[in-house]
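Here is the structure we will look at.
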2 protein chains.
Amino acid sequence: MQCLSKNNSNTLVVDIFLKKIEEVSNESRQYTQKRKIVALLNKSEKPLTIPGICKKVKLSVPTGTKLINELISDNIIIEFGKKETDNGRRPSLYKVDPEIAYCIGTVVLLKGISFAVYNLEMEEVFSMQDENFILENTESCLDEVVRFIQEAISKSGIDPSRVLGMGMGITGRVNSRTGFSYNYFNFLEGALTDFFSGKFSFPVHIDNDTHVLGLAEQYFGEAKNIKNAFVLNLSRGMGLAIIANGELVVGEQGFAGEMGHIQFAESDKLCLCGKRGCLGTEVSGYALEQNFQQQIEAGESSLLLNQKQATQIKYKDILKAATEGDSLAISLTHNIGFILGKAMGNMINLLNPGVIIIGGEFVSAKEILIDSIKSGMMHTGLQLPLRSCELIFSSIGDDAASKGAAAIVFRSLQLI
Amino acid sequence: MQCLSKNNSNTLVVDIFLKKIEEVSNESRQYTQKRKIVALLNKSEKPLTIPGICKKVKLSVPTGTKLINELISDNIIIEFGKKETDNGRRPSLYKVDPEIAYCIGTVVLLKGISFAVYNLEMEEVFSMQDENFILENTESCLDEVVRFIQEAISKSGIDPSRVLGMGMGITGRVNSRTGFSYNYFNFLEGALTDFFSGKFSFPVHIDNDTHVLGLAEQYFGEAKNIKNAFVLNLSRGMGLAIIANGELVVGEQGFAGEMGHIQFAESDKLCLCGKRGCLGTEVSGYALEQNFQQQIEAGESSLLLNQKQATQIKYKDILKAATEGDSLAISLTHNIGFILGKAMGNMINLLNPGVIIIGGEFVSAKEILIDSIKSGMMHTGLQLPLRSCELIFSSIGDDAASKGAAAIVFRSLQLI
DNA sequence: TGAGGTTTATAAAAATAATTATAAACTTGC
DNA sequence: GCAAGTTTATAATTATTTTTATAAACCTCA
């Protein structure tokens, strides 16, 4: 009430989203109740009725009605038709006006940067990419990121005062709790989130690219209603997002998920981390490229050589060739799938997930991977946990990561 | 109020503990508030003042005072002296009467069964063991368990109507959500919890012995204030309790933690599960016994042979001999520690815990194990997560498991 | 088509809780 | 040793919320 009476000012309208429900504060009781109603409506897939809302927030219908009407005149929630019922007077349905506030998801990868704005229903209202961006641990690269985001915000035409926050997925090791980044932009004195928050008028959160992909599956993808899940990010590198008890596991410092550095490899190739036997040396886009070159040198042939030199061929090319029937590409992909499957079988024993979702660039070769992964899993997984674990491939698509990054904002405000 | 006015009946007094706070119900608002106050006081380590309570449950001091006074006349909470402050009138302190209700923890192992009653401050008020018990998957064994518990309750002298529930830790695979046991007492048509609940007047929960040990460390031991931790149960077998985001991870069906069946072994001995390379074939009390016999057969000597024949020597004997300086025992224990350490290093990469707690019978050889585990961890763990992960040995003692089992009850009622 | 049943929504009355004011208990410092 | 400052606890007043009652909207079935 106190803040919402003057709803000409956007900042004040957005204020109702910006505090967690249980947060202790000396705001009026009614305002807390209003925030509860708004959060409930935002979390709900479908619009709700007044009696439904009142039951959930434990309010009587008269007071609930009063608060809801105030929220309507504040332009925060809107009426949305009437509910079809079998008998009785039809109740009006209400939902949060999806265009009253926005959140931003940004993803910074080794190659490429992307930006997207989502409304409260998580519909993309604007997006922008730069495929030519190259991530470097330099001040000038950081400036480039800031400029890119500023330009994107300006092009999107959204009012920054209506932005609840920005979530950022960034390659490398990141402490999502403190906001520090350890591999990139680590020259800053303070947290990377603080640096960005200083540049923009809204709060900024970060996590690594794999975790952000996990959040996308958790909230919008195949893990939506499953409390325990794995989301594998298999591209040039590999990472694992673990969802346990319905929450993403980031660990004590945010480093959880380094599955590429578990000693599950069958050979003892030297890994970039300095150790031997890391799974990532055999299961990754990088490994696929290495294996391909090795096989060519050993005399194997491939249709890919018609287009490019062996050393120029990237893992995405090999995956594409595999789907097109190139037998060397298929056999190499198969092999990776089998080793991956054995590793996943062990992971199943450890954490008993209900579903494993394969995401990342390797999804393009899903027909070739699925059986090899499954047969690998059979080798190491125990009967009971294996039986109830589904293996599927991600279907959210290209904007998964930025959607997941934006979800960090909603999660932090308990709006999801 | 409605239930508590007649507090002669114990069942009605205990009623205030038996519902979760946020549970939707049509009880009076004041009663819900009372339950909030009781839960808050029970969770709090120290007694609280009226203003403190009112701030936490978001009530004004006058209404809070009224409810607290009612709870006092209902004999549920008690005054507990006055708080020392620097200035101002000294507030009275209040806490839940610890003897108003109890919970039971029972642990059923392959050899031995134990029972303990705890008051609301988790102090043991009664305990009973039967070391001669042998677990079998038979109806007569199940009867024996029931008889043992009935006898223990009767001997303890506690009023069953004051028992909030019983938590049971049982060896083998267990689905703690559904209450089904898959290895023992699996001949029942329904859930094992339903069977027990039918025998007693209070609800019964189960989980496996390793998870229960993890709960003990989480709530009362070394993991108390750490959100991400491992608790290893290293005895004749091995299991891992994983705590992530402040919650025990049991997985989708409750099977999480089968670390003994991850392919981290260096040899490819056949495991009882039918697979090869399982960590448990090299890191467990069973493996220690096997290795000992093998070494003796190969001509090694040990002080232990003065007491018993090689085939009669149990892993506990070997651990004891190691602490007493027997060089074969030390070298075998060391070796297990090193392999375990390498496995733990990988687990650290995966889940980035803040602490690893070694529990189980192997704790007796902690001086010998600690360095070998640490050096193993160095071999496989990544720098960043390794640096911030502490390795410690459990110090809760013998009743850890039953305390953890009892904690299931408190956890289910949000009293912890 | 209209009576009976059901549910939503609003109005008036009753119950409940929060503010405000005041008293009591305690420390500190002159 | 007592005034000033601080905090707890209770009493009286004010505000809010729930209950109860009533009206309105809608279905079904005779």
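Convention: sequence-line order gives letters A, B, ...; per-chain numbering from 1.
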task: For B:Phe202, enumerate each residue passing the ring-ring contact (aromatic ring centres under 6.0 Å, His included) test, keeping only those at least two apart in sequence or located in another chain.
output: B:Phe200
message: Which residues pass the salt bridge (Lys or Arg N to Asp or Glu O under 4.0 Å) test with B:Glu390, not counting sequence neighbours?
response: none
query: Once you round it to whole Å, what is the distance between P of D:dC26 and NZ of A:Lys83?
result: 15 Å
- request: Using side chain to side chain contact (heavy atoms under 4.5 Å, CB included) as the criterion, list what pairs up with B:Thr49, not counting sequence neighbours.
  value: B:Pro51, B:Lys83, B:Pro91, B:Leu93
- prompt: In the 5'-to-3' direction, what one-character label does each nucleotide of nucleotides 17-24 of chain C receive under the scheme B = base within less than 4.0 Å of a protein heavy atom, S = sugar-phosphate only, - = no such atom?
  reply: SBB----B
Residue list, side-chain hydrogen bond (donor to acceptor under 3.5 Å, both in side chains) with B:Ser197, at least two apart or on another chain: none
- prompt: Counting side-chain heavy atoms from C-beta on, which of D:dT8, D:dT10, C:dA9 comes nearest to B:Pro51?
  reply: D:dT8
message: Could you tell me how far apart A:Lys55 (NZ) and D:dT18 (P) are, to the nearest whole angstrom?
response: 15 Å
query: Between B:Lys43 and B:Leu415, is any pair of side-chain heavy atoms under 4.5 Å apart?
result: no
query: Between atom CD1 in A:Ile72 and atom C1' in C:dA9, what is the gap in whole Å?
result: 13 Å
- request: Could you check how far CD1 of B:Ile68 sits from C1' of D:dT10, rounded to whole Å?
  value: 14 Å
Those residues that, when tested against A:Thr178, pass side-chain hydrogen bond (donor to acceptor under 3.5 Å, both in side chains) (two or more places apart): A:Asn175
- prompt: Is A:Arg90 near enough to D:dC27 that one of its side-chain N or O atoms lies under 4.0 angstrom from OP1 or OP2?
  reply: yes
- prompt: Are OP1 or OP2 of D:dA9 and a side-chain N or O of B:Ser92 less than 4.0 angstrom apart?
  reply: yes
